[in-house]
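These numbers come from a predicted model, not from an experiment. Letters A, B, ... are given to chains in the order of the sequence lines, protein chains preceding strands, and every chain is numbered from 1. As a basis for the values below, the full set of heavy atoms in this structure was taken, side chains included, without hydrogen atoms, waters or symmetry mates.
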Number of protein chains: 2
Amino acid sequence: MRLNDLDERIVHALAEDARRSYADIGAEVGLSAPAVKRRVDRLLAAGAITGFTVRVDPAALGWETEAFVEIYCRHNTSPEDIRRGLTRYPEVAAASTVTGEADALVQIYASDVRHFERVLERIAGEPFVERTKSVLVLSPLLRRYSAGSPT
Amino acid sequence: MRLNDLDERIVHALAEDARRSYADIGAEVGLSAPAVKRRVDRLLAAGAITGFTVRVDPAALGWETEAFVEIYCRHNTSPEDIRRGLTRYPEVAAASTVTGEADALVQIYASDVRHFERVLERIAGEPFVERTKSVLVLSPLLRRYSAGSPT
DNA sequence: AGTGAAAATGCCCGTGT
DNA sequence: ACACGGGCATTTTCACT
């Protein structure tokens with residue numbers, strides 16, 4: 001699917017505030033409310049927009065500790081196995097399979113380092129996990145966009 | 001601010017679908033619609049929720065390639081230097097300073113591998129960058145929440 | 001565009017501490 | 001007395017013709 005300029009501006013408006021009314025967005029981009037809704041529906045159907053979510057401040061929610069964990073899996077582990085295994089942890093914010101030595105890269109939020117340690121132990125104990133390698137985030141420098149989940 | 005169990009469940013519901021009605025969320029967590037709204041307002045005021053946004057499929061928007069780049073900096077590079085240096089690249093989606101050998105971990109979206117290559121070269125050429133190490137994302141498995149500000 | 005339905009929002013009251 | 005949730009009424013927004 002190709003997005004034209006209007007679609008981009010609608011997506012941009014929604015990215016800033018996904019609860020704005022269609023009429024409001026329409027006024028900004030020069031369309032009527034129903035026209036905006038039709039385009040949003042089309043973007044949803046095409047999968048360009050995969051949903052609506054909240055932007056949260058992890059610190060304010062008590063998630064003080066952020067970490068990236070590389071996971072090295074046993075052979076014959078499918079991406080779907082990894083996904084299923086990780087979905088059960090609410091601390092897992094994002095996960096992808098990657099090139100290089102590790103099989104997957106996982107982003108984790110925990111309330112503190114001890115909490116992270118417990119989560120890491122449990123993940124390391126998953127049957128498909130051979131070993132892990134973690135780095136802790138010291139300070140977030142920059143954060144933009146919100147990539148979609150392949151639900 | 002401390003969140004109780006109810007707040008967490010509301011945030012979780014909104015994280016999955018920020019356009020669900022308050023009545024609907026209330027039915028799930030055992031509150032009325034106005035009660036849910038009051039809590040959401042409180043979370044917004046406290047900064048725990050910083051806004052609502054769309055979940056976007058980068059591929060549909062033409063950002064086919066995702067990568068994580070570890071940056072090793074010269075000594076005496078401050079986090080602020082790194083942040084300033086990286087902010088100029090629209091391809092940079094997120095960046096943090098981290099523990100371990102590398103100084104920073106950067107998430108990048110590019111239209112394709114050639115585009116990524118060009119961006120990487122330019123970043124590697126920044127005066128504060130000594131060397132880099134990249135992994136390309138093969139497939140996103142899971143993506144939840146959305147940290148940070150719309151800045 | 002216009003109309004019926006539904007959701008959001010503000011107000012007041014009850015209850016439990 | 002106060003914090004917090006329920007219920008209702010008004011206004012806005014949405015969906016369908």
Side-chain angles (χ1 to χ4, degrees), chain A residues 1-64 90 111 145-149 151, chain B residues 1-57 60-61 143-151:
Chain A
M1 154 164 206
R2 270 191 54 193
L3 298 163
N4 62 23
D5 186 53
L6 238 46
D7 292 319
E8 290 223 20
R9 288 167 68 194
I10 290 171
V11 169
H12 195 260
L14 285 171
E16 282 180 353
D17 180 4
R19 299 204 79 155
R20 282 180 69 181
S21 75
Y22 293 138
D24 202 14
I25 295 169
E28 184 178 313
V29 304
L31 289 177
S32 71
V36 174
K37 186 195 172 340
R38 272 197 299 270
R39 281 180 182 264
V40 172
D41 285 345
R42 223 186 64 227
L43 291 165
L44 277 165
I49 296 175
T50 59
F52 302 92
T53 186
V54 281
R55 218 177 297 131
V56 299
D57 176 4
L61 291 167
W63 303 95
E64 304 271 353
S111 53
Y145 312 124
S146 166
S149 89
T151 322
Chain B
M1 158 168 203
R2 267 193 58 193
L3 298 160
N4 60 23
D5 186 51
L6 239 44
D7 292 317
E8 290 224 18
R9 288 167 67 194
I10 290 171
V11 169
H12 198 261
L14 285 172
E16 282 179 354
D17 180 5
R19 301 206 78 159
R20 279 181 72 182
S21 75
Y22 292 137
D24 201 16
I25 295 169
E28 184 177 313
V29 304
L31 288 178
S32 71
V36 174
K37 183 196 172 346
R38 275 194 291 266
R39 280 181 181 262
V40 171
D41 285 344
R42 223 185 67 226
L43 291 165
L44 277 166
I49 295 176
T50 59
F52 302 92
T53 187
V54 282
R55 233 183 327 225
V56 155
D57 177 6
L61 292 169
R143 216 127 290 194
R144 295 201 272 236
Y145 310 121
S146 168
S149 62
T151 324

Exercise for review: Please determine, for the side chain of A:R19, which listed nucleotide (D:dC4, C:dA8, D:dC14) has the closest atom?
Suggested key: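 Nearest to the side chain of A:R19 among the choices is C:dA8.
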Review point. Which nucleotide sits closest to the side chain of B:A35: C:dA8, D:dG5, D:dC14?
Key: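 The answer is D:dG5, which lies nearest to the side chain.
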Which whole-number value in Å describes the distance from [X] [atom1] to [N] [atom2]?
X     : N      : atom1 : atom2 : value
B:I25 : D:dG5  : CD1   : P     : 15 Å
B:R42 : C:dT9  : CZ    : P     : 17 Å
B:L14 : C:dA8  : CG    : P     : 10 Å
B:R39 : D:dA3  : CZ    : P     : 14 Å
B:R20 : D:dT13 : CZ    : P     : 22 Å

Check your understanding: Can A:R20 be said to sit on top of A:F52's aromatic six-ring, NZ or CZ under 6.0 Å from centre and within 45° of the ring axis?
Key ->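 That pair does not qualify as a cation-pi contact.
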Practice item. Name the nucleic acid region contacted by A:R38, choosing base, sugar-phosphate or nothing; use a 4.0 angstrom heavy-atom cut-off, strictly under. Key: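 Contact class for A:R38: none.
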Review point. Do B:E16 and A:T53 pass the side-chain contact (heavy atoms from CB on, under 4.5 Å) test, and can you show the C-alpha distance, the side-chain angles, and the key distance before you say yes or no?
Key: CA-CA 6 Å; B:E16 282 179 354; A:T53 186; over 6 Å; no
Practice item. Show the numbers, then the answer: is there a side-chain contact (heavy atoms from CB on, under 4.5 Å) between A:T50 and B:V56? Key: CA-CA 6 Å; A:T50 59; B:V56 155; over 6 Å; no
**Study point:** Considering all heavy atoms, the nearest A:E28-A:A13 contact
**Key:**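 Heavy atoms of A:E28 and A:A13 come nearest at OE2-CB, 4.3 Å.
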Could you go through nucleotides 15-17 of chain D and list every protein N or O atom that sits under 3.5 Å from one of its N or O atoms, giving the distance for each pair?
none

Point to revise | Residues B:R9 and B:N4: side-chain donor-acceptor under 3.5 angstrom | key: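 Per modelled atom types, B:R9 and B:N4 side chains form no pair under 3.5 Å.
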Check your understanding: Would A:I49 and A:L14 satisfy side-chain contact (heavy atoms from CB on, under 4.5 Å), going step by step from the backbone distance to the final call?
Key -> CA-CA 10 Å; A:I49 296 175; A:L14 285 171; 4.2 Å; yes
